[in-house]
A.B. asks: 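Starting off with a structure, shown below.
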Amino acid sequence: MQRIAIIGGGTAGAASALFLARAGHHVTLFERVAQPSAVGAGILLQPTGMHVLAALGLLDQILAHGARNDRLFGTTAGGRTVLDVHYRLHDQQSFGLGLHRGALFSVLWQALQAAGVHVCSGINIARIEQRGGQALLFSRDPAPGSAEAVAGEFDCAIIADGTRSELRAALAIPQKVTPYPWGALWTLVPDEGLTPGSLRQWFRHAQQMLGLMPTGFAYQQMEQPILSLFWSLRVDRLQHWQEQGLAAWKKTVLELAPIAPILEHIQSPDQLTFARYADVQMRHWHDARVVCIGDCAHATSPQLGQGANLALVDAMTLAQCFAESPTVEPALALYSQRRRAHLGYYQGASKLLTPFFQSDSRIASTLRDIALGPICRMPVARQQMAMTLSGAKAGWLFGKLQLPK
Ligand SMILES: Cc1cc2nc3c(=O)[nH]c(=O)nc-3n(C[C@H](O)[C@H](O)[C@H](O)COP(=O)(O)OP(=O)(O)OC[C@H]3O[C@@H](n4cnc5c(N)ncnc54)[C@H](O)[C@@H]3O)c2cc1C
């Protein structure tokens with residue numbers, strides 16, 4: 001059994017800690033936030049992510065907190081259908097689950113203690129050194145001038161510290177991190193049943209995009225269902241949005257979508273949080289005894305709603321690789337090999353699709369408006385789109401993700 005350090009207690013870190021601790025490894029989880037709490041807005045959990053949570057025995061709790069989304073439906077301001085993807089076209093039983101990120105976080109963290117994971121909160125890991133067949137972790141308070149301290153010595157270190165990882169760059173792995181020019185404003189409002197069972201989007205060219213996603217319930221607050229609202233915005237237009245004021249923004253939104261009752265719940269710009277994204281590409285994900293998983297390894301734009309799912313699949317695959325290959329370095333090399341096809345497809349598809357939904361290109365948006373609706377009605381294409389959304393594709397043609405039962 002290995003002594004394993006995990007850096008980052010988000011979806012990827014917490015899920016892999018659970019799998020590995022339950023397999024008998026000695027797992028220490030470092031999280032830099034001193035009192036991690038249920039933050040964030042809605043995430044879309046896909047059937048693949050739910051498969052992983054079922055393997056962890058956590059799916060029932062997750063389902064109780066989520067809202068079923070059977071369909072992704074998007075139109076132009078004029079009412080023309082641009083996107084119409086039904087999960088059942090991939091599999092009759094399948095659906096997406098709108099879920100508060102905090103609910104996923106809370107359910108995973110509740111399970112850590114019972115699994116025997118040693119959780120060290122409030123520890124910022126600043127550096128990893130590989131020497132003498134060990135991974136040495138050093139922590140440092142982010143305050144300027146603070147000294148470094150040894151956090152521990154391990155057989156393996158799993159970096160799961162998110163898109164803006166500060167540890168990734170020091171690894172001997174060719175990598176590229178490209179911040180996206182576009183981000184999104186997010187908020188949560190009470191769900192009054194405006195878009196039951198659907199993630200609903202409205203588009204004007206590729207410059208304006210409004211999304212509403214039934215999101216279920218905040219953790220253990222089952223009295224009020226919630227809805228996530230997101231509004232696409234170019235990063236360098238954030239200041240203009242702030243200066244313009246809430247009333248002007250609401251007018252723009254209402255010209256795109258009839259959601260006046262929802263907008264009444266937004267009374268201050270502070271209710272909206274701006275999220276930035278980046279594209280992270282790595283040639284492979286392991287460097288001797290260290291491996292990157294989750295957003296740290298392969299963040300993309302959120303267009304395909306795969307962030308939490310890919311992180312969950314990473315966690316399950318990594319545990320499987322440890323089960324098959326009891327020594328660290330071969331297990332991590334096997335992990336990179338096993339994840340290549342699935343991650344390659346979703347990174348490629350996100351990169352290809354994003355300009356059609358978030359860009360200033362009129363050519364891209366016109367092509368999208370003309371072609372995507374009819375494509376959504378073609379039998380093979382709509383099945384492939386449903387499979388893509390479900391998180392199950394592992395190649396442009398026939399590749400399918402194989403997860404352990
Ligand atoms: C605060 C927050 C809010 C988010 N909100 C949303 C949302 O509303 N909708 C959505 O779709 N996605 C959201 N995400 C992203 C989503 O959680 C991820 O895409 C997905 O779950 C994959 O998670 P991850 O574990 O790879 O990374 P993350 O969820 O980003 O987790 C990384 C963790 O690592 C910790 N960490 C970072 N550096 C260090 C370090 N040096 N030492 C120790 N710990 C470290 C961070 O504090 C964080 O807890 C959010 C992420 C965060 C961190």
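Because only heavy atoms are used, hydrogens play no part in the values below, and waters and symmetry mates are left out as well, while side chains stay in. Nothing fancy with the numbering, it's 1 onward along the sequence. Ligands are counted one by one from 1 in listed order, and the atoms in each one are counted from 1 as well.
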A.B. asks: With distance as the sole criterion, is a donor-acceptor pair present between the side chains of His265 and Glu192 under 3.5 Å?
C.D. replies: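 Per modelled atom types, His265 and Glu192 side chains form a pair under 3.5 Å.
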A.B. asks: Would you call Arg140 and Glu166 a salt bridge, taking side-chain N to carboxylate O under 4.0 Å as the test?
C.D. replies: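 Glu166 and Arg140: not salt-bridged.
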A.B. asks: Are any non-hydrogen side-chain atoms of Thr354 and Ser359 less than 4.5 angstrom apart?
C.D. replies: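 A side-chain contact is absent here, since even the closest heavy-atom pair is not under 4.5 Å.
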A.B. asks: If a pair satisfies side-chain hydrogen bond (donor to acceptor under 3.5 Å, both in side chains) and one of its residues is in residues 72-85, list it, with sequence neighbours excluded.
C.D. replies: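 Qualifying pairs: Arg71-Asp84, Thr75-Arg200, Asp84-His86.
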A.B. asks: Could you name the protein residues that come within less than 4.0 Å of ligand 1, counting only heavy atoms, and order them by chain and residue number?
C.D. replies: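 For ligand 1, the residues that come within the 4.0 Å heavy-atom cutoff are Ile7, Gly8, Gly9, Gly10, Thr11, Ala12, Phe30, Glu31, Arg32, Val33, Val39, Gly40, Ala41, Gly42, Ile43, Arg101, Ile123, Asn124, Ile125, Ala160, Asp161, Gly162, Gly294, Asp295, Gly307, Ala308, Ala311.
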A.B. asks: Test: side-chain hydrogen bond (donor to acceptor under 3.5 Å, both in side chains). Region: residues 6-31. Which pairs qualify, not counting sequence neighbours?
C.D. replies: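 Of all non-adjacent pairs touching residues 6-31, none passes side-chain hydrogen bond (donor to acceptor under 3.5 Å, both in side chains).
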A.B. asks: Among all residues two or more places apart in sequence or in another chain, which pass the ring-ring contact (aromatic ring centres under 6.0 Å, His included) test with His298?
C.D. replies: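 Testing His298 for ring-ring contact (aromatic ring centres under 6.0 Å, His included), a comparison that skips the adjacent residues, returns none.
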